Amino acid sequence: MIKITDLEKFYRTEEVETIALNKLSMEINTGEFVAIMGPSGCGKSTLLNILGMLDDPDGGSYMFNGAEIAHFTERKRANLRKHNLGFVFQSFNLIDELTVFENVELPLIYTKVPAKERLSRVEAVLEKMQIMHRRNHYPQQLSGGQQQRVAIARAVVNNPKLILADEPTGNLDSSNGNDVMELLTDLNEQGTTIIMVTHSEHDARYSHRIIRLLDGQTVLENILI
Amino acid sequence: MFRNYLKIAWRNLMRHKGYSAINIAGLTVGIAACLLIYIVVQYETSFNKQNKNYRNIYHIVTQSVQGNDVSYTPGITVPAVPALRTDLPEATIAAMDVSYGSQITIPAGSGHADKKFIEHSGVVFIEPQYFDLFDSEWIAGNKAVLAEPNMVVIDKSTAIKYFGDWQHAEGKFLKMDNLIDLKIAGVIEDVVSNSDFPFKVLVSYVTLKNYPNNYNYSDEWGSNSSNHQVMLLMPPGESIESVNARLKVFSKKHYTFDIRGTFNFLQPLSDLHFDTRFGNTTGDHITSKATLFTLSFIGVLIIIMASINFINLTTAQSVGRSKEVGIRKVLGSSRKQLVFQLLGETTMIVVTSGFLALIVAKLALPYLENISSVPKTMGLLSAGSVLFLISTLISVVVLSGIYPALILSGFKPVLAIKNKITAASIGGVPLRRGLVVAQFAISQLLIIGTLVALNQMNFVNSADLGFNSSAVLVIPGYTDSLSLQKMGQFKQQQLQKPQVKSVSFISDAPSSDNNWASNFYFDQAPDDVDFTVFLKAGDADYFKTFGLQFVAGGGYAPSDTINQMVVNETLIKKLGIKNPKAALGKTLRIGGRGVWAPIVGVVKDFKTNSLREEVKPIIIAPGKRVLSLAAIKIQTGSLTQTVAEIQKLWEKTYPEYAYNGYFVDERIAQFYKQENQLALIYKLFAGVAIFISCLGLYGLVSFMAVQRTKEVGIRKVLGASVGSIVYLFSKEFLILLSISFLIAMPIGWYMMNGWLQSFVYRIDLGAGVFLAAILLSVFIAGLTFGYKAITTALVNPIKSLRSE
Ligand SMILES: Nc1ncnc2c1ncn2[C@@H]1O[C@H](COP(=O)(O)OP(=O)(O)OP(=O)(O)O)[C@@H](O)[C@H]1O
Ligand SMILES: [Mg+2]
């Protein structure tokens, strides 16, 4: 599904140039559950942002389902993104002005799903995430674990082929964290490809494969199954 | 999708109630002000356009060149009318003679005594051809009746006023100025208010020929009254230049000897309402294009200010919204969708403001007549005003919405989600500063305008006119032989009252907007002097009544005819006489057929007209035949009571006339109606502008306060004083204020200096006004942000740090 070759990303500030990704190559197949680990600042989020088409690489190639993404216009990428990708963040990133229901509904609106169908799909996914009873609450009225479940519900409501999760358990206690990992595992078992950044060896063990980064380069890959 | 936008927009509004209120309040006031300005400008520019011949109607006017003096009058001589018909055969020509004050008497009839009405305007002697030019709806009769003498046509509401209904007016009689019996031969529909021809009593022009003395009607080429005007209709396609060329030939042919230098030319009907060279129009008022331009300019400035508030607050707020925008982008919203969403929010605010503005404008509309000539009955909604409102709303959305929308939607999602967008990183800070400067500059410009206009009007209203204008009552009377006979008796009876100090019969107060001009001869010379002299007639008590001061000689002895004269300093200066005493005994002759009479006194210059004009060379002479006004100087004190007594005596003396007295100083104040209105407009709109910019300033400072709470907390923990924090907040604004002053000052100077040029007597545009303007704006800005800055500075630092 994903094949990156010699991917590079630099950050230039006035004095220093940081190499966030240094000729990084890797391949991720459909249906895989991959964990990306590494010390702080090694480029994990950078990689995830590029994979999520939120950011451009400075060099190398990024093939998504056989298409070279590096040359896509922003419009094309946004289109690809909204139909194929789901995001889960450490800090949830829910829109404070919208209710739980409306937050989850948003991706369906952007993919022009009719209102009736939206209702049933959002309800189904809220049911699945066991957050249905909070559908009319606002994000600030929820606990961290509940917020993350809403965020995951929002990430999966469009049935994305790939879910990108950046430290999804980073702000949660271990019990809530385990709930989230179970949800991700379920999704993976139903066929969704998952790429997850994490600092937790415990969480990483839910995945099939751990890719370890150091200074923007792969240093090690552990195959778990 | 759309519902979702609305929802978010609404919740955003609610969540930031304060900012929303500021935005909406500013826009509401701005849009309402613009709408009212539109109504005024639209009203003034709509004058006369209702006539279907609008493009082809012209007013023939007169220019007189005498030496270096060029003067204009809307009038044209009586014999020019048939001559024009001969020389311009393809034109339709209509002559009229306007009366600026006539008494109409409805003779006693069944159940009522004589009914007397004073008509200050709308009474005219007019030719039937007028109706070939101007559209009019006849309810009874037709234009042909105006070909007969002693016929009159009145409009519907006048008919109702005189007779109670218009159905039975036709065939009845009325009396004009206690002189002319007129038969009502027709009734027309009322003329619309935006016409410069608001005629309501139209007397057949041929009637005039029978009363030449009473209406200054003369069929000589040399006599030109501004009341006698001619309109003409040219066939379509005729160019104004070619007609003017023919009029030049016409003028050369007919204006000869001492009236050579007189030229007729065409003034298009479309210019008539705006041409300030001509004082007396047949209408209620004229408006200079400059005034309309100033008004429109102020309107545009105000809309810009309201939009600036919006941009400032929205971009400042956008930092707080970056997360939402980032998430939406991550979820697949395209930039276009975001721009539409944000524009949608702007539209919502703007449309809300638009509705509120309609309400505000509706409430303010009745007061519009205080600052303009728009009638009270003017409606708010018309096709034009709705269109204007809609286009204003659209331009405000575009002006104020596009930039913030582009900024917000351009956020990089990765940064936006991480809350890495700061006020600095969106690059809006210099822009926001620029906008604040623009706003301050506009307010200061209007403050400068207000101060200058108020100062000048204050100067004008309290200027030393060179004579005593207070507590002088003037009663217009008539110059028929019977009235003239009663003069002496009336005067003696009034003088018996202890409160009456002096009584004089006059033709004209020292300061007035009448101009009675003539050529004149000096010191027995065969040729006339190369400048025009202006005449005022009065009996021997003229000087005492108005407190005129002599620099040489004294007043003349009582006389019914011109046998002695008094002149002013300007006249002898223009004649080249240095010492006023040297002028005494020299002789003057008014016009080609006047008599030579010696100068017996020279009066100190007094203001002969409004302060817009230079003091004119003046001759004051007796001449009983033209003394139509009684001027009565009253002891200040029991004014009302004395006036009532004077009125009683007047009515007893002249029972056939209606009393119509006024005070000279009130009439003089009328000269400056337009200017006083302009000063009021400046005051009003400067107020609006200040209000809007204060709102914006308050919003910005509140925003800054929120943004910098943490910084303020840290500073305070480190030992900063309240004062130093208030200074921190104020410093930037003071700098911006100073920059804006540097912009506003020269523009304000240029603008107001130009306006002052319309006054010959004017204030100096010194540093004082500008100093006052900046102090005022610093003071107002300080009031606005001082409170917020101080409260922020006073917050307990622990609190502000914990909130992070
Ligand atoms: N916007 C930016 N400007 C400059 N440098 C950046 C920027 N974003 C990231 N970097 C740098 O790029 C490198 C990789 O950052 P990245 O956020 O990918 O690290 P990470 O592996 O996700 O770290 P963490 O585990 O702490 O989240 C770091 O050295 C970081 O300082
Ligand atoms: Mg990271």
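To find a chain, count down the sequence lines: A is the first, B the second, and so on, and within it residues start at 1. On a predicted model such as this, the values are computed, not experimentally measured, just so you know.
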Exceeds 12 heavy-atom contacts within 6.0 angstrom, atom CD of A:Q130: no

Those residues of residues 131-156 of chain A, ordered by number, that approach chain B below 4.5 Å (heavy atom to heavy atom): A:Y138, A:Q140, A:R154

A:D215 atom CG: more than 12 heavy-atom contacts under 6.0 Å: no

Reported NZ-to-NZ distance for the pair A:K82 and B:K329, which is rounded to 0.5 angstrom: 12.5 Å

Rounded distance (nearest 0.5 Å) linking atom CZ of A:F89 with atom CD1 of B:I327: 7.5 Å

Pick from A:L106, A:D55, A:T111 with the largest number of heavy-atom pairs that fall under 4.5 Å of chain B: A:L106

Heavy-atom pairs under 4.5 Å with chain B, option from A:L94, A:L80, A:N158 with the top count: A:L94

A:Y11 atom OH, over 12 foreign heavy atoms within 6.0 Å: yes

Atom OH of B:Y727 with >12 non-hydrogen neighbours under 6.0 angstrom: no

Chain A contacts, top residue of B:R328, B:M14, B:R335 (heavy-atom pairs, under 4.5 Å): B:R328

Under 3.5 Å donor-acceptor, A:R81 side chain and B:S333 backbone: no

Residue pairs, two or more places apart or on separate chains, that pass salt bridge (Lys or Arg N to Asp or Glu O under 4.0 Å) and touch residues 336-357 of chain B: B:R321-B:E345

Neighbour count >12 (heavy atoms, 6.0 Å) for atom CZ, A:F72: yes

